[in-house]
Amino acid sequence: MKKVYAFLADGMEEVEALMVIDLLRRTKKLDVVTVSIKDDLLVEGSHNIRLYADKKIDGVIIEEGDCIFLPGGMPGTTNLEMCGKLTEQVVQYYEQGKVVAAICAAPSILSHLGILKEKNATSYPSFESEMDCKNYGGGVVTDGNIVTAKGLGVALEMGLELIRLLVDQETSDAVADAIQFDRR
(Lines give C-alpha, C1' and ligand atoms only; values in the text may rest on other atoms or scores of the structure.)
Protein backbone atom coordinates (compact mmCIF):
# COMPACT_ATOMS: atom_id res chain seq x y z
CA MET A 1 0.00 0.00 0.00
CA LYS A 2 1.42 3.38 -0.99
CA LYS A 3 2.02 5.90 1.76
CA VAL A 4 1.08 9.59 1.55
CA TYR A 5 2.43 12.09 4.04
CA ALA A 6 0.15 15.13 4.38
CA PHE A 7 2.00 17.87 6.22
CA LEU A 8 0.07 20.19 8.53
CA ALA A 9 1.30 23.54 9.85
CA ASP A 10 -0.26 26.27 11.92
CA GLY A 11 -2.00 28.68 9.55
CA MET A 12 -2.78 26.10 6.85
CA GLU A 13 -5.96 26.24 4.77
CA GLU A 14 -7.95 23.59 6.62
CA VAL A 15 -10.41 22.61 3.89
CA GLU A 16 -7.69 22.19 1.26
CA ALA A 17 -5.93 19.78 3.61
CA LEU A 18 -9.03 17.90 4.69
CA MET A 19 -10.57 17.59 1.23
CA VAL A 20 -7.49 15.92 -0.23
CA ILE A 21 -6.82 13.78 2.84
CA ASP A 22 -10.47 12.64 2.99
CA LEU A 23 -10.56 11.65 -0.67
CA LEU A 24 -7.28 9.74 -0.48
CA ARG A 25 -8.45 7.84 2.61
CA ARG A 26 -11.76 6.93 0.93
CA THR A 27 -9.85 4.70 -1.50
CA LYS A 28 -8.84 2.35 1.31
CA LYS A 29 -5.86 1.70 -0.96
CA LEU A 30 -3.57 4.42 0.39
CA ASP A 31 -1.98 4.82 3.81
CA VAL A 32 -2.48 8.56 4.47
CA VAL A 33 -0.58 9.91 7.46
CA THR A 34 -1.12 13.48 8.65
CA VAL A 35 2.09 14.97 10.01
CA SER A 36 2.52 18.01 12.23
CA ILE A 37 5.73 19.88 11.49
CA LYS A 38 6.00 21.02 15.10
CA ASP A 39 6.50 19.24 18.40
CA ASP A 40 2.75 19.03 19.03
CA LEU A 41 0.00 17.05 17.32
CA LEU A 42 -2.46 19.93 17.61
CA VAL A 43 -2.37 22.20 14.56
CA GLU A 44 -4.47 25.35 14.21
CA GLY A 45 -5.51 26.36 10.73
CA SER A 46 -5.85 29.81 9.22
CA HIS A 47 -9.56 29.90 10.17
CA ASN A 48 -8.96 28.84 13.77
CA ILE A 49 -10.03 25.24 13.18
CA ARG A 50 -7.94 22.87 15.25
CA LEU A 51 -6.87 19.49 13.94
CA TYR A 52 -4.86 16.70 15.48
CA ALA A 53 -2.20 15.19 13.24
CA ASP A 54 -1.54 11.46 13.30
CA LYS A 55 2.18 11.96 13.95
CA LYS A 56 4.83 14.57 14.62
CA ILE A 57 7.49 15.08 11.96
CA ASP A 58 10.16 13.56 14.20
CA GLY A 59 8.01 10.43 14.57
CA VAL A 60 7.90 9.45 10.91
CA ILE A 61 10.43 8.10 8.46
CA ILE A 62 9.53 10.38 5.56
CA GLU A 63 11.81 8.49 3.17
CA GLU A 64 9.43 5.51 3.36
CA GLY A 65 6.58 7.40 1.68
CA ASP A 66 5.42 7.62 -1.92
CA CYS A 67 3.85 11.09 -1.90
CA ILE A 68 4.19 14.35 -0.02
CA PHE A 69 1.14 16.63 0.07
CA LEU A 70 1.42 20.29 1.08
CA PRO A 71 -1.78 22.26 1.74
CA GLY A 72 -1.67 26.03 1.27
CA GLY A 73 -2.91 28.87 3.39
CA MET A 74 -1.06 31.61 5.17
CA PRO A 75 0.98 31.59 7.26
CA GLY A 76 0.81 27.79 6.89
CA THR A 77 2.81 27.86 3.66
CA THR A 78 5.50 30.00 5.28
CA ASN A 79 5.62 27.63 8.25
CA LEU A 80 5.97 24.59 5.97
CA GLU A 81 8.77 26.26 4.03
CA MET A 82 10.69 27.07 7.22
CA CYS A 83 10.78 23.36 8.15
CA GLY A 84 14.18 22.23 6.86
CA LYS A 85 13.50 18.52 7.42
CA LEU A 86 10.41 18.81 5.22
CA THR A 87 11.98 20.84 2.41
CA GLU A 88 14.94 18.44 2.23
CA GLN A 89 12.49 15.56 1.76
CA VAL A 90 10.49 17.46 -0.87
CA VAL A 91 13.67 17.78 -2.96
CA GLN A 92 14.55 14.11 -2.41
CA TYR A 93 11.04 12.97 -3.39
CA TYR A 94 11.23 15.04 -6.55
CA GLU A 95 14.67 13.68 -7.46
CA GLN A 96 13.52 10.10 -6.79
CA GLY A 97 10.41 10.49 -8.97
CA LYS A 98 8.01 10.27 -6.04
CA VAL A 99 4.85 12.38 -6.16
CA VAL A 100 5.03 15.90 -4.72
CA ALA A 101 1.71 17.73 -4.50
CA ALA A 102 1.04 21.31 -3.39
CA ILE A 103 -2.04 23.53 -3.50
CA CYS A 104 -2.79 27.27 -3.26
CA ALA A 105 0.25 29.14 -1.89
CA ALA A 106 2.25 25.94 -1.26
CA PRO A 107 3.46 25.49 -4.87
CA SER A 108 5.63 28.56 -4.20
CA ILE A 109 7.67 26.32 -1.87
CA LEU A 110 8.43 24.02 -4.80
CA SER A 111 9.38 27.01 -6.91
CA HIS A 112 11.70 28.39 -4.22
CA LEU A 113 13.38 24.97 -4.06
CA GLY A 114 14.05 25.19 -7.81
CA ILE A 115 12.10 22.09 -8.82
CA LEU A 116 9.55 23.79 -11.06
CA LYS A 117 11.95 25.42 -13.56
CA GLU A 118 11.18 22.90 -16.31
CA LYS A 119 7.63 22.13 -15.18
CA ASN A 120 4.13 23.35 -15.93
CA ALA A 121 2.58 24.50 -12.65
CA THR A 122 -0.06 26.65 -11.02
CA SER A 123 -0.75 28.29 -7.68
CA TYR A 124 -3.05 30.76 -6.01
CA PRO A 125 -2.99 33.75 -8.40
CA SER A 126 -1.36 36.18 -5.97
CA PHE A 127 1.69 33.87 -5.90
CA GLU A 128 2.21 33.87 -9.68
CA SER A 129 5.21 36.22 -9.40
CA GLU A 130 6.95 33.65 -7.16
CA MET A 131 6.41 30.80 -9.60
CA ASP A 132 9.58 30.11 -11.58
CA CYS A 133 8.16 27.46 -13.92
CA LYS A 134 8.04 26.66 -17.64
CA ASN A 135 4.33 27.43 -18.08
CA TYR A 136 1.99 28.87 -15.47
CA GLY A 137 -1.76 28.53 -15.00
CA GLY A 138 -4.68 26.15 -14.74
CA GLY A 139 -6.76 24.56 -12.01
CA VAL A 140 -4.89 21.32 -11.32
CA VAL A 141 -1.65 20.78 -13.22
CA THR A 142 0.27 17.51 -13.34
CA ASP A 143 3.72 17.51 -14.89
CA GLY A 144 5.62 14.30 -14.29
CA ASN A 145 5.69 13.64 -10.56
CA ILE A 146 4.63 17.19 -9.60
CA VAL A 147 0.97 18.10 -8.99
CA THR A 148 0.03 21.70 -8.27
CA ALA A 149 -3.40 23.21 -7.76
CA LYS A 150 -4.79 26.74 -7.76
CA GLY A 151 -6.68 26.71 -4.47
CA LEU A 152 -9.58 25.51 -2.39
CA GLY A 153 -12.01 25.57 -5.33
CA VAL A 154 -10.12 22.74 -7.03
CA ALA A 155 -9.08 20.73 -3.95
CA LEU A 156 -11.59 18.00 -4.83
CA GLU A 157 -10.16 17.71 -8.33
CA MET A 158 -6.64 17.60 -6.92
CA GLY A 159 -7.58 14.75 -4.60
CA LEU A 160 -9.05 12.77 -7.49
CA GLU A 161 -5.94 13.44 -9.59
CA LEU A 162 -3.71 12.16 -6.82
CA ILE A 163 -5.84 9.02 -6.58
CA ARG A 164 -5.41 8.53 -10.34
CA LEU A 165 -1.64 8.90 -10.04
CA LEU A 166 -1.15 6.82 -6.90
CA VAL A 167 -3.78 4.12 -7.46
CA ASP A 168 -5.53 4.19 -10.85
CA GLN A 169 -8.23 5.91 -12.91
CA GLU A 170 -10.87 3.34 -11.98
CA THR A 171 -10.47 4.06 -8.26
CA SER A 172 -10.50 7.82 -8.90
CA ASP A 173 -13.74 7.42 -10.87
CA ALA A 174 -15.27 5.25 -8.14
CA VAL A 175 -14.51 7.86 -5.46
CA ALA A 176 -15.90 10.63 -7.69
CA ASP A 177 -19.10 8.62 -8.22
CA ALA A 178 -19.44 7.82 -4.49
CA ILE A 179 -19.30 11.50 -3.55
CA GLN A 180 -21.62 12.50 -6.41
CA PHE A 181 -18.96 14.54 -8.23
CA ASP A 182 -19.91 15.04 -11.85
CA ARG A 183 -16.75 15.43 -13.95
CA ARG A 184 -18.63 16.80 -16.99
Side-chain angles (χ1 to χ4, degrees), residues 1-116 119 121 123-124 127 130-131 144-149 151-152 155 158-159 161-163 165-167:
M1 183 178 293
K2 290 186 178 176
K3 183 173 289 197
V4 177
Y5 287 116
F7 286 88
L8 308 179
D10 285 337
M12 71 181 163
E13 170 54 60
E14 302 95 337
V15 177
E16 289 172 355
L18 290 175
M19 175 64 74
V20 173
I21 292 163
D22 176 275
L23 291 171
L24 298 179
R25 285 185 173 177
R26 283 174 188 259
T27 69
K28 303 200 183 325
K29 297 178 181 182
L30 296 167
D31 180 13
V32 183
V33 180
T34 59
V35 182
S36 170
I37 63 163
K38 60 184 190 173
D39 195 29
D40 190 348
L41 293 175
L42 181 63
V43 181
E44 187 168 334
S46 61
H47 300 98
N48 303 315
I49 299 171
R50 295 180 178 150
L51 305 170
Y52 280 95
D54 298 320
K55 306 247 182 199
K56 298 176 203 168
I57 193 167
D58 291 333
V60 296
I61 302 170
I62 303 169
E63 298 86 354
E64 292 179 351
D66 300 286
C67 174
I68 286 176
F69 167 58
L70 306 176
M74 292 302 281
T77 295
T78 302
N79 291 334
L80 289 172
E81 189 164 13
M82 291 186 335
C83 180
K85 184 173 183 176
L86 172 58
T87 56
E88 288 173 17
Q89 288 301 314
V90 167
V91 171
Q92 285 186 16
Y93 268 51
Y94 170 69
E95 291 173 349
Q96 294 170 1
K98 295 180 179 183
V99 176
V100 178
I103 188 169
C104 191
S108 67
I109 298 169
L110 309 183
S111 180
H112 299 159
L113 293 171
I115 63 178
L116 295 181
K119 298 288 183 183
S123 69
Y124 192 77
F127 284 82
E130 296 187 41
M131 297 295 290
N145 62 323
I146 302 292
V147 181
T148 55
L152 175 58
M158 181 186 215
E161 174 65 3
L162 288 172
I163 294 168
L165 285 174
L166 296 167
V167 184

Quick one: pull up CG in Leu116 and NZ in Lys119 and give me the separation to the nearest 0.5 Å.
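The distance works out to 8.5 Å.
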Just to verify, what does Lys38 make a side-chain hydrogen bond (donor to acceptor under 3.5 Å, both in side chains) with, not counting sequence neighbours?
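By the side-chain hydrogen bond (donor to acceptor under 3.5 Å, both in side chains) rule, Lys38 matches Asp10.
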If the condition is side-chain hydrogen bond (donor to acceptor under 3.5 Å, both in side chains), which residues does Ser123 pass it with, not counting sequence neighbours?
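Applying side-chain hydrogen bond (donor to acceptor under 3.5 Å, both in side chains) to Ser123 gives Tyr136.
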Cut-off 3.5 Å, no hydrogens considered: what does the side-chain donor-acceptor table look like for residues 57-70, sequence neighbours left out?
{"residue": "Glu63", "atom": "OE2", "partner": "Gln89", "partner atom": "NE2", "Å": "3.3"}
{"residue": "Asp66", "atom": "OD2", "partner": "Lys3", "partner atom": "N", "Å": "2.7"}

Please name the pair of heavy atoms, one in [X] and one in [Y], separated by the smallest distance, quoted to 0.1 Å.
{"X": "Leu8", "Y": "Ala53", "value": "CD1-CB, 4.1 Å"}
{"X": "Thr77", "Y": "Met74", "value": "CB-SD, 3.7 Å"}
{"X": "Ala121", "Y": "Thr148", "value": "CA-OG1, 3.4 Å"}
{"X": "Val20", "Y": "Gly159", "value": "CG2-N, 4.2 Å"}
{"X": "Ala17", "Y": "Met12", "value": "CB-SD, 4.2 Å"}

[X] side chain near [Y] side chain, heavy-atom distance below 4.5 Å:
{"X": "Asn145", "Y": "Tyr94", "value": "yes"}
{"X": "Leu41", "Y": "Lys56", "value": "yes"}
{"X": "Leu51", "Y": "Leu18", "value": "yes"}
{"X": "Leu30", "Y": "Leu162", "value": "no"}
{"X": "Glu13", "Y": "Tyr124", "value": "no"}

Under 3.5 Å, side chain of Glu16 to main-chain N/O of Pro71, donor-acceptor pair present?
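No.
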Quick check: does any side chain N or O of Glu44 sit under 3.5 Å from a backbone N or O of Arg50, one acting as donor and the other as acceptor?
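Not a single qualifying donor-acceptor pair exists.
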Would you list the pairs meeting salt bridge (Lys or Arg N to Asp or Glu O under 4.0 Å) in which at least one residue belongs to residues 88-104, sequence neighbours left out?
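Output for this query is empty, none listed.
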So, using salt bridge (Lys or Arg N to Asp or Glu O under 4.0 Å) as the criterion, who are the partners of Glu14 when residues are at least two apart?
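Applying salt bridge (Lys or Arg N to Asp or Glu O under 4.0 Å) to Glu14 gives none.
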State which residues pass side chain to side chain contact (heavy atoms under 4.5 Å, CB included) with Asp54; sequence neighbours excluded, sorted by chain then number.
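Residues passing side chain to side chain contact (heavy atoms under 4.5 Å, CB included) with Asp54: Arg25, Val33, Thr34.
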On the 0 to 90° scale, with breaks at 30° and 60°, tag the Phe7-Tyr5 ring pair as parallel, tilted or perpendicular.
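The arrangement is tilted - the two ring planes meet at 30° to 60°.
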Within 6.0 Å of NZ in Lys85, more than 12 heavy atoms from elsewhere:
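Yes, the 6.0 Å shell around NZ holds more than 12 heavy atoms from other groups.
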Determine all donor-acceptor pairs shorter than 3.5 Å in which one atom belongs to a side chain in residues 100-113; sequence neighbours excluded.
{"residue": "Ser108", "atom": "OG", "partner": "Ala105", "partner atom": "O", "Å": "2.6"}
{"residue": "Ser111", "atom": "OG", "partner": "Glu130", "partner atom": "O", "Å": "2.7"}
{"residue": "Ser111", "atom": "OG", "partner": "Asp132", "partner atom": "N", "Å": "2.8"}
{"residue": "His112", "atom": "ND1", "partner": "Glu81", "partner atom": "OE1", "Å": "3.2"}
{"residue": "His112", "atom": "ND1", "partner": "Glu81", "partner atom": "OE2", "Å": "2.7"}
{"residue": "His112", "atom": "ND1", "partner": "Ser108", "partner atom": "O", "Å": "3.3"}
{"residue": "His112", "atom": "NE2", "partner": "Glu130", "partner atom": "OE1", "Å": "2.8"}

